[in-house]
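Everything below concerns the one structure shown next.
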Amino acid sequence: DTYQILLVRLFLLYPELFFFVLFFFSAVFLKRSQIAPLLINLLIPLNHPESVDRKKYNLATYLHHLVGAMEGGGGMVNSAISHLGAKNWWATFPQPTWDFASQIAPAFARLQTRLSLLPPAVVPAVSVAFLASGGAATFVNPNLNNVTGNPSEGFGNISVASTIGPGGFPIRDSTLFAYLDGVNPNLVDISLQSTATRIVFHNVYGYGGVAPKAKGVRFIANGSCQKAKASKGVIVSAGAFGSADLLLRSGVGPATQVEDLGIQLVSNLPVGQGLQDHHTIALAYINLCPFTAAESALWVFTPGTQVAGFINSNVSVHDWPDIQYTFAPLPTENGVNLFELAIFLVDPQSRGTVTLASGDPLKPTLKSYSYPGTTRDVEALTYAVEFAEAFMATGPMAACFGPRVSPAAGTNLPTWIAANAEPTYHVAGTNAVGSVVDQNLAVLGTKNLYVVDASVMPFVAPCNTGLPTAIIAERAIPLILSARR
């Protein structure tokens, strides 16, 4: 990661020189469609410090809090790991509208004609050993995104939202490049550095039994209030935080909360009431099978991890995995070889809320969530640690499995987990289908208003949420078009 740290320091010390060099290089050597991916990868490559040592470089916090605050959303700054999600999880969406075989699999196929999903650039030997031992304890899944098999179950290699860039090395791909690159600019008008403040409705009081109709959005750009008119509809895609925020400020939400702040109630719905996120813990072990020189050279072009595993814990409550593993061998530092085992509780029982602090659209909403929030969540993560350490001590991984250094051996795991579980920034569920939106993702009690993002998930996806969110958007296209006819 030395090159990234040097780039960040250059940016902080000499920003004009930094951007001059980058844009000169881009203009001379790259096609227009390659410029943005390269610039993004120079500052935020697939393997950014979140995957290495967020405390050492003190950069991950900066990145985390900017997730989604740009064109392309979180897909521009995340680790680009792309999992489809278990079939039984998709079955929690309204059927047959969201049937996996007839609707989700075709939507995924359409998405793949635009978004490039590639295997990791390199899979180190220690990662292969982890996959083999984990697979022996459960099962090896050769393709974690196989729509005819068991997607996001078992152990297998990850897929990465990436494409082959200059020099033959993989660089980030995202829905921004997949869907907007090459589009006629006359068909798209993007307002940057803007804050949406309110959805504008016609017949806000619902006179004549006719639901309020979304007809535009008010927003602030360059310090001035502006309005975008919408003759056919408004689609809100601001994420589990932002979409709930905008709906609440527009009068769509719990009646008492909205009216207490002097906002005209449009539709009394439980907006912001189902907040969910994955819970993460990270453990470090001595790696007895360090990188080869070739593996180390290519490691920066991966998201840090190359393999993943999905299991059901001993307290799992649904018929899809509630635990996800990622495995990240780390480059040698100060003569020490380590690997990081990250464990994600992907079906948490904890729930939180997004609520308004005031009627001022520029003041942030209140977000309440606990990591981990229930005894069951702690039990699930404790089981996941014990299960992993048991299988890593057997099979091919046994030769690579050294002592645990963080937390230290002998640590009380439940206590440590309760104190150290962290957000994963996979928030979802604040505008859940069935309670806030219908099967077509239309907001209940309104007309011409839709929500298309992770906030509509009834349960947070039991995997990295980027790809399921993109599939939701792809599926939304025919649903919204058919609803408009």
Would you say [X] and [Y] make side-chain contact, with heavy atoms under 4.5 Å?
X	Y	value
Leu111	Tyr179	yes
Cys463	Pro468	yes
Leu481	Pro478	no
Ile311	Tyr325	yes
Leu84	Phe108	yes
Val128	Val126	no
Arg475	Gln103	yes
Arg404	Val385	yes

Name every donor-acceptor pair, under 3.5 Å, that has one atom in a side chain of residues 233-242 and the other anywhere in the protein, sequence neighbours excluded.
{"unit_1": "Ser237", "atom_1": "OG", "unit_2": "Val452", "atom_2": "O", "d": "2.9"}

Counting N and O atoms only, with roles assigned by atom type, does the side chain of [X] sit under 3.5 Å from a partner on the main chain of [Y], one being a donor and the other an acceptor?
X	Y	value
Asn312	Trp320	yes
Thr92	Trp90	no
Arg172	Thr163	no
Asp173	Ser116	yes
Asn145	Ser82	yes
Asn78	Ala80	yes
Asn146	Thr148	yes
Asn420	Trp416	yes
Ser313	Ala380	no
Lys87	Val147	yes

* How would you list, by chain and number, every residue that makes a side-chain hydrogen bond (donor to acceptor under 3.5 Å, both in side chains) with Thr97, sequence neighbours excluded? ->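 Thr97 satisfies side-chain hydrogen bond (donor to acceptor under 3.5 Å, both in side chains) with Gln439 only.
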Validation row, ring centre [X] to ring centre [Y] under 6.0 Å:
X	Y	answer
Phe139	Phe155	no
Tyr425	His278	no
Phe391	Phe130	yes

Side-chain donor-acceptor pair present, [X], [Y], cut-off under 3.5 Å:
X	Y	answer
His426	Asp277	no
Glu389	Tyr285	yes
Thr424	Thr280	yes
Lys229	Ser231	no

Partners meeting salt bridge (charged side-chain N to carboxylate O under 4.0 Å, His left out) with [X] (sequence neighbours left out):
X	result
Arg351	none
Asp377	none
Glu386	none

Show me, pair by pair, the donor-acceptor contacts under 3.5 angstrom made by side chains of residues 454-462, not counting sequence neighbours?
{"unit_1": "Ser455", "atom_1": "OG", "unit_2": "Asn431", "atom_2": "ND2", "d": "3.0"}
{"unit_1": "Ser455", "atom_1": "OG", "unit_2": "Asp453", "atom_2": "OD1", "d": "2.5"}

* What are the two closest non-hydrogen atoms of Val307 and Ile158, and how far apart are they? ->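 Minimum heavy-atom contact is C-CG2, 3.8 Å.
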* Asked: Should the pair Glu474-Arg114 be classified as a salt bridge under the 4.0 Å nitrogen-to-oxygen rule?
  ->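 No, Glu474 and Arg114 are not salt-bridged.
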